[in-house]
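Below: one structure, written as structure tokens.
First the proteins, then the strands, lettered A, B, ... as listed; each starts at 1.
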Amino acid sequence: MAEFDLSANFIPSLHKPSSLLPIARHRQNLLYLIETYPVTIVVGQTGSGKTTQIPQYLEQAGWCSDGKVIAVTQPRRVAATTVAIRVAEEVGCKVGEEVGYSIRFEDVTSAATRIKFLTDGLLLREALVDPLLSRYSVIMVDEAHERSLSTDVLLGVLKKILKKRPNDLRIIISSATLQAEDFLRFFTGDTDLKSKPTDSDAMTLDDLITQASTGAGKSAVSGTIINLEGRMYPVDVLYSESSVEDYIEKAVQTVFDIHTKEPDGDILVFLTGREEIDTAVQAISERAANLHPRAQGLMALPLCAGLSTEQQMYVFEEAPENTRKVIFSTNIAEASVTIDGIVYVVDSGFVKLRAFNPLTGIETLTATPVSKASATQRAGRAGRTKPGKCYRLYTEASFQSLEETTVPEIQRSNLAPVILQLKALGIDNIVRFDFLTSPPAELIIRALELLYSLGALDDYAKLTKPLGTRMAELAVEPMMAKTLLSAPSFNCLSEILTIAAMTSLGGNIWVQPDGEKKSMESPRRKFAVEEGDQLTLLNVYQAFITKGKKEGRFCHDNYINFKAMTRAVSIRAQLKRYLERFGMKVEETLSSNANKQPLAVGGPDKAEQIRRCLTAGFFAHAAKMQPDGTFRNVAGGTILHAHPSSLMFNRKADWVIFHEVMETGNKTFIRDVTKIEKGWLVEYAAGYYKIQ
DNA sequence: GAGCACTGC
């Protein structure tokens, strides 16, 4: 699995003396523009030094006087920590002094911190406490072109804040060229803006100023775009001459073509998922055996989020003597992970994308053609260290027919958590909220309906007190938040806290050792609880707390992911602190039950209370088992399958609730499934099921 | 009897 602590190992080779970075010669321009304009869009490639240098320039120019802080947001935790470590090194301080970072569970900042790197999700949460983000003089939103859910929400919130702090707040957006003008237009409100990204080398300062004032006429906010650097090395793009039937096979052939005909350099192949990657890696290994014994060897390696950290590290190691490395990767290598030494990229043209269907409430995960922006980004991965080549396994005509950019997450996600968060920030009219791109109305309606049925919103779509405001504060999805807040009345808060923490891990609890599949089931069965997966998870956690933390072999012997369990402990502790702040008392029940047989849950009454409590939060995720072992949702239209990782995969049940539902391939799977009684649905969600 | 791209509070 791609854990949060993939650690500094990925980045250090980018380290350049800061005076040599191309950004250094733009220093005066940058400072002038940021001083003059409330909003500055910075266009620059990875490696241009924008993330590390701009905050330092600003600090040296006095933007941190009066105790103010410069914030730099990142979409990912690893980036926030590694960049902070590097900048602290350059500044010559320890991380947490002048330069610090803050991510969930790790606040490495102090009163002395002037430059603070943090995830955009965390900055949004800070806005709950400090709505104008008043401690920051400059907020830089890095990697904004990735358009993650929280980046988009943050941009909307920042636009609002800027109207209230027009003189003392500066916003910097770092973006790829393609989207720079969209960002500027969003903040300046000028739809007729015709400016092109500025190459500040070719322009005088006066030109820049003139350019920047374009569009200042109609709105209160003015802004500018500054271009820091072009492409690093040229990449030749080659297209397939005819359409490709089987891109895995074609990818394997292309790899061999490159290997036999092209000069040295490693190969990166983009496929969509683990199964494809395994197939391709195996095909290479088999056919590489047929290469001439004295020819250069070919070593195939997989890279995807499902692998353990150790398994992922192989792709960073240098290939053995006289061997070329070929990495088959998912989209993880497009932005999250950077591998040096790649000279050839092979692009299947597909990516698996998540989408939420507002009509059914079901998430889908489907292989989809990439966007032009994505294909360009993939090609760029070949030109990081020297000129490279990109082989697209589709025709040029197909490329021309691709969408310009990937549909941003905010237009294809379940918006219930976003809306809850916006409401908590005092933004009541969601439809009129200024999104960079508005989500479809159906998504908003579906989310409002769910929040209403959970009791987080009243008849006027206002946040309820205290239920709605508390749900917004908890760092779990709305249904789980409701479950947690209901737990005291079912007398099972301690257990639900554990279940909430365990389900937030999203299926990372078990490790799959290389090459072993069958042995997985029996250790897992050891923790099985008849009533379902949530109670089984509770059981695993309790066993971990009592045995696994001390005995090193416990996790290994039981195929349990130690790091995931450690994270569950942190999440649980954090949720517990929230609940205690709400005045709820958490009576820890663990110790009294730890030695009971069967394992788990303190007797039948307690188990039933837990299942009832889960029903109070997850009633919208209810289903009934059919004689053939599949499930139907309450409306009856959708066939649901228990996921093979679920206990209910091969057991009998009547009614169940589930934590998650997702459509992949042609099947819809439910995960984390627990048996309930039909009557409970009516008892805890009468309104919801009468409407249907 | 069969499997989830990637983030984040």
Side-chain angles (χ1 to χ4, degrees), chain A residues 1-4 6 73-80 102-107 118-128 143 146-154 270-278 303-307 329-337 348 350-355 363-368 370 374 406 409 412-413 417-418 420-421 424 471-478 480-481 500-501 504-508 510 512 517-518 520-521 567 570-571 574-575 578 628-630 641-646 648-651 660-665 667-671:
Chain A
M1 48 180 283
E3 269 287 272
F4 39 89
L6 277 181
T73 72
Q74 297 290 330
R76 282 173 291 278
R77 298 163 52 101
V78 216
S102 192
I103 58 178
R104 189 182 187 184
F105 305 129
E106 270 181 85
D107 182 12
L118 73 175
T119 51
D120 34 26
L122 199 60
L123 186 63
L124 267 176
R125 295 195 80 83
E126 284 189 8
L128 281 177
E143 315 289 358
E146 287 186 23
R147 303 292 305 273
S148 78
L149 202 49
S150 38
T151 301
D152 267 24
V153 176
L154 179 63
F270 285 101
L271 298 175
T272 74
R274 186 166 189 170
E275 202 181 324
E276 291 181 5
I277 288 168
D278 288 344
L303 176 64
C304 65
L307 300 176
S329 171
T330 63
N331 222 32
I332 192 173
E334 191 180 302
S336 311
V337 170
S348 67
F350 285 87
V351 61
K352 272 189 191 167
L353 280 185
R354 234 169 22 179
E363 257 186 341
T364 57
L365 186 69
T366 328
T368 317
V370 295
S374 192
T406 309
E409 275 183 358
R412 53 184 165 89
S413 300
V418 170
L420 195 57
Q421 194 168 32
M471 281 175 64
E473 276 193 60
L474 287 167
V476 289
E477 339 85 287
M480 188 51 93
S504 332
L505 296 174
N508 284 335
W510 308 98
Q512 192 167 346
K517 278 201 172 171
K518 286 194 174 165
M520 280 296 291
E521 283 312 313
R567 188 168 168 81
S570 302
I571 295 174
Q574 189 187 44
L575 293 173
Y578 278 117
D628 66 358
T630 65
H641 300 264
H643 191 274
S645 67
S646 169
M648 292 306 151
F649 182 71
N650 49 15
R651 289 183 200 215
E660 196 182 56
V661 53
M662 185 173 270
E663 184 189 325
T664 60
K667 274 190 175 177
T668 306
F669 290 99
I670 54 178
R671 290 175 69 105

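- Here A/R125 does not reach the OP1 or OP2 of B/dG8: none of its side-chain N or O atoms lies under 4.0 Å away.
- In this structure, A/L149 reaches neither bases nor backbone, as no heavy-atom distance under 4.0 Å exists between it and the strands shown.
- With sequence neighbours excluded, no residue satisfies salt bridge (Lys or Arg N to Asp or Glu O under 4.0 Å) with A/E143.
- Regarding A/E146, its CD atom lies at a distance of 11 Å from the P atom of B/dG8, rounded to whole Å.
- Remark: A/D152 pairs with A/R147 by the salt bridge (Lys or Arg N to Asp or Glu O under 4.0 Å) rule, at least two apart or across chains.
- Within 4.0 Å of A/T330, counting heavy atoms only, lie sugar-phosphate atoms of the nucleic acid but no base atom.
- A/E477 pairs by the salt bridge (Lys or Arg N to Asp or Glu O under 4.0 Å) definition with nothing, not counting sequence neighbours.
- Considering only side-chain N and O atoms, A/S148 lies nowhere under 4.0 angstrom from the phosphate OP1 or OP2 of B/dC6.
- A/Y578 pairs by the ring-ring contact (aromatic ring centres under 6.0 Å, His included) definition with nothing, not counting sequence neighbours.
- Using the six-membered ring where Trp is involved, A/F669 and A/H641 have ring planes that are tilted, between 30° and 60° apart.
- In this model, the phosphate group of B/dA2 is not approached by any side-chain N or O of A/H641 to a distance below 4.0 Å at OP1 or OP2.
- Where A/F669 and A/R104 meet DNA chain B, the nucleotide closest to each residue was compared, and A/F669 sits on the side nearer the 5' end.
- Donor-acceptor pairing under 3.5 Å, judged by distance alone, is absent between the side chain of A/E275 and the base of B/dC4.
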Exercise. Starting at the 5' end of DNA chain B, what dot-bracket string do you get if Watson-Crick and G-U pairs under 3.5 Å are bracketed, crossing pairs use [ ], other-strand pairs use | and unpaired bases use dots?
Worked result: .........
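- Looking at residues two or more places apart in sequence or on another chain, you find a salt bridge (Lys or Arg N to Asp or Glu O under 4.0 Å) between A/R76 and A/E146.
- A close approach under 4.0 Å does not occur between any side-chain nitrogen or oxygen of A/T664 and OP1 or OP2 of B/dG3.
- Comparing A/A475 and A/E660 by the nucleotide of DNA chain B whose heavy atom lies nearest to each, the residue mapping closer to the 5' end is A/E660.
- Between the CG atom of A/L353 and the P atom of B/dC4 there is a distance of 15 Å, given to the nearest Å.
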